[in-house]
Amino acid sequence: MTPHTITELYAYAADGGVDIFDGRGTSTAASILKRSDHISTALRDIGVRPGDRVATWLENSNAYLSLHAACARLGAILVAINTRFGAAEIADITARSGAKVLAVNGDLSELTNIDPNDLSNLTHLITVGICTHMPAWPKVTMRTFEDISSAPSTGIDDGGPADHSNIFTTSGTTSAPKFAVHSQGAITGHAIDVARFLDMTARGSVNLQLLPFCGVFGFVQVMATLAAQATLVMPAGFRVINALDLGTRYNVTHMFITDDMLHRMLEESIDDQPFPMLRSCMYAAFNTWLHDLPARAEARGIPVQGAFGMSEVFAIFAGRPLAAPASERHRPGGTLVSTTAAVRTRDPETGVILAHGEIGELEFRGPFIMTGYFGSAAATRDTFTADGFLRSGDLGYTEPDHSFTYLQRMTDTLRLGGFLVAPSEIEGTV
């Protein structure tokens with residue numbers, strides 16, 4: 001069976017006997033799927049309908065996955081809010097998305113700083129686990145996750161491949177974050193492609209989930225793990241010693257990670273090979289001072305693979321093949337994961353499409369990119385070209401065999417003497 005909806009993806013993982021460890025014990029994809037049926041009944045009873053938004057400010061957990069699957073059954077949209085965000089960002093995303101429900105856990109002191117009048121569409125607050133510093137929002141009904149999990153089972157699944165399923169916020173460096181919205185079919189299709197590309201379907205594959213679901217990097221990892229019918233190990237948060245212990249205890253074969261996280265683990269580990277069974281490490285570089293990290297990781301048996309992603313096209317839109325030489329594998333960008341995707345570069349001033357190796361703005365087209373920006377038709381029109389390519393706002397160049405190299409954001413460049421120049425290049429000469 002090839003899954004085409006979120007419910008079908010969880011059912012496929014359940015059929016494969018997928019085990020999920022979330023730091024509180026071992027669960028299964030089958031139990032998550034079953035619980036999602038009960039939760040969807042409760043959400044329907046409180047007024048959640050197809051297309052409605054349910055916002056989450058949650059750490060990684062089986063409860064998070066159950067809520068995601070429940071929303072998909074209803075054709076509702078899960079809005080991911082970064083767990084590091086404070087009151088202003090939580091209020092902004094919840095309000096602009098028009099979320100009816102907000103699911104939260106942990107210390108809720110940030111919520112007490114939000115004026116409930118700013119959340120005019122919010123009707124219910126769902127608390128997961130033990131929560132402290134509960135906000136006093138008189139017009140919002142409080143429910144516990146345990147309560148909604150005990151609703152009757154109906155077996156109803158109204159979600160379809162074309163239904164919107166998830167919203168991820170963009171970086172919003174120059175304005176309020178936009179809401180990139182993805183369909184159920186795009187999520188499942190991309191998950192299948194990533195699982196194939198990274199050979200997650202091989203017997204004995206175990207994914208160590210250290211990144212949060214609220215970002216596309218972490219979200220794609222968990223969806224691909226389900227599509228691969230592989231084991232998922234996902235602590236609630238990232239702690240160096242715990243991550244190292246889980247890696248050896250569960251014989252982890254796949255890991256998605258940021259450069260600062262990898263650096264901390266290499267610094268802390270006393271083992272020559274911290275992850276002896278690791279076959280693939282998808283790697284995102286954000287810190288220029290860690291330029292030597294890939295080489296240090298390779299020397300200790302960690303096969304680093306550069307990748308590319310953004311909220312609009314998902315994480316691992318492209319990645320460096322493991323078979324490539326180490327010097328090539330470390331570069332951001334890579335081969336397009338979808339066999340039907342396309343990439344090109346365009347001169348930002350002349351609009352001319354460029355040849356391989358010529359630097360310009362990267363543009364992408366593919367079957368599994370976002371359908372648009374939720375609530376902003378104008379921004380959606382501005383982002384797509386007339387022939388359906390997405391303008392990334394990123395600088396790079398294309399390579400043969402459906403590959404490309406990412407260099408940096410376009411906003412971080414200057415044009416001098418007809419050439420695109422990064423400010424860091426200028427700083428290095430003065």
Are [X] and [Y] close enough that a side-chain donor and a side-chain acceptor fall under 3.5 Å?
{"X": "N82", "Y": "E89", "result": "no"}
{"X": "H164", "Y": "T371", "result": "yes"}
{"X": "T380", "Y": "T383", "result": "no"}
{"X": "S36", "Y": "R73", "result": "yes"}
{"X": "H263", "Y": "N287", "result": "no"}
{"X": "T56", "Y": "Y64", "result": "yes"}
{"X": "Q305", "Y": "S280", "result": "yes"}
{"X": "D107", "Y": "H133", "result": "yes"}
{"X": "T405", "Y": "E399", "result": "yes"}
{"X": "D22", "Y": "S61", "result": "no"}
{"X": "S403", "Y": "T335", "result": "yes"}
{"X": "T5", "Y": "T7", "result": "no"}
{"X": "S205", "Y": "R279", "result": "yes"}
{"X": "Y283", "Y": "H330", "result": "no"}

So do [Y] and [X] actually touch side chain to side chain, heavy atoms under 4.5 Å?
{"X": "I93", "Y": "P177", "value": "no"}
{"X": "Q229", "Y": "T201", "value": "no"}
{"X": "I20", "Y": "M234", "value": "yes"}
{"X": "F21", "Y": "Q209", "value": "no"}
{"X": "I192", "Y": "T2", "value": "yes"}
{"X": "V304", "Y": "L262", "value": "yes"}
{"X": "L208", "Y": "H254", "value": "no"}
{"X": "P116", "Y": "L119", "value": "no"}

With a 3.5 Å distance limit and no angle check, can you tell me whether [X] reaches the backbone of [Y] through a side-chain donor-acceptor pair?
{"X": "T141", "Y": "H124", "result": "no"}
{"X": "R320", "Y": "R331", "result": "yes"}
{"X": "S31", "Y": "S27", "result": "no"}
{"X": "K100", "Y": "G47", "result": "yes"}
{"X": "S269", "Y": "L266", "result": "no"}
{"X": "N60", "Y": "L211", "result": "yes"}
{"X": "N242", "Y": "R239", "result": "no"}
{"X": "R391", "Y": "D382", "result": "yes"}
{"X": "R300", "Y": "Q273", "result": "no"}
{"X": "R53", "Y": "V79", "result": "no"}

For the atom pair [atom1] ([X]) and [atom2] ([Y]), what is the distance rounded to the nearest 0.5 Å?
{"X": "F364", "Y": "L362", "atom1": "CZ", "atom2": "CG", "value": "4.5 Å"}
{"X": "S338", "Y": "H402", "atom1": "OG", "atom2": "NE2", "value": "10.5 Å"}
{"X": "K34", "Y": "S149", "atom1": "NZ", "atom2": "OG", "value": "12.0 Å"}
{"X": "Y250", "Y": "L246", "atom1": "OH", "atom2": "CG", "value": "6.5 Å"}
{"X": "D394", "Y": "Q408", "atom1": "CG", "atom2": "CD", "value": "9.5 Å"}
{"X": "T112", "Y": "D115", "atom1": "OG1", "atom2": "CG", "value": "12.0 Å"}

Atom [atom1] of [X] with >12 non-hydrogen neighbours under 6.0 angstrom:
{"X": "D387", "atom1": "CG", "value": "yes"}
{"X": "I241", "atom1": "CD1", "value": "yes"}
{"X": "R249", "atom1": "CZ", "value": "yes"}

What residue among I148, N105, D147 forms side chain to side chain contact (heavy atoms under 4.5 Å, CB included) with I126?
->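 Considering I148, N105, D147, a side chain to side chain contact (heavy atoms under 4.5 Å, CB included) with I126 is found only for I148.
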Is the shortest side-chain N to carboxylate O distance from D193 to R196 below 4.0 Å?
->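 Judged by the 4.0 Å cut-off on N to carboxylate O distance, D193 and R196 do form a salt bridge.
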R346/E361 ion pair, N-O < 4.0 Å |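 Answer for the salt bridge query: no.
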Taking the six-membered ring for Trp, are the ring centroids of F389 and F384 within less than 6.0 Å of each other?
->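 Between F389 and F384, the centre distance exceeds or equals 6.0 Å.
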Ring centres under 6.0 angstrom apart (F219, H182) |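 No, too far apart.
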Aromatic rings F404 and F308: how do their planes relate, parallel, tilted or perpendicular, breaks at 30° and 60°?
-> perpendicular
Angle class for the F179/F374 ring planes (parallel below 30°, perpendicular above 60°, tilted otherwise)?
-> tilted
Quick one: do E267 and R296 satisfy side-chain contact (heavy atoms from CB on, under 4.5 Å)? Show the steps, please.
-> CA-CA 10 Å; E267 290 286 292; R296 287 193 284 124; 3.9 Å; yes
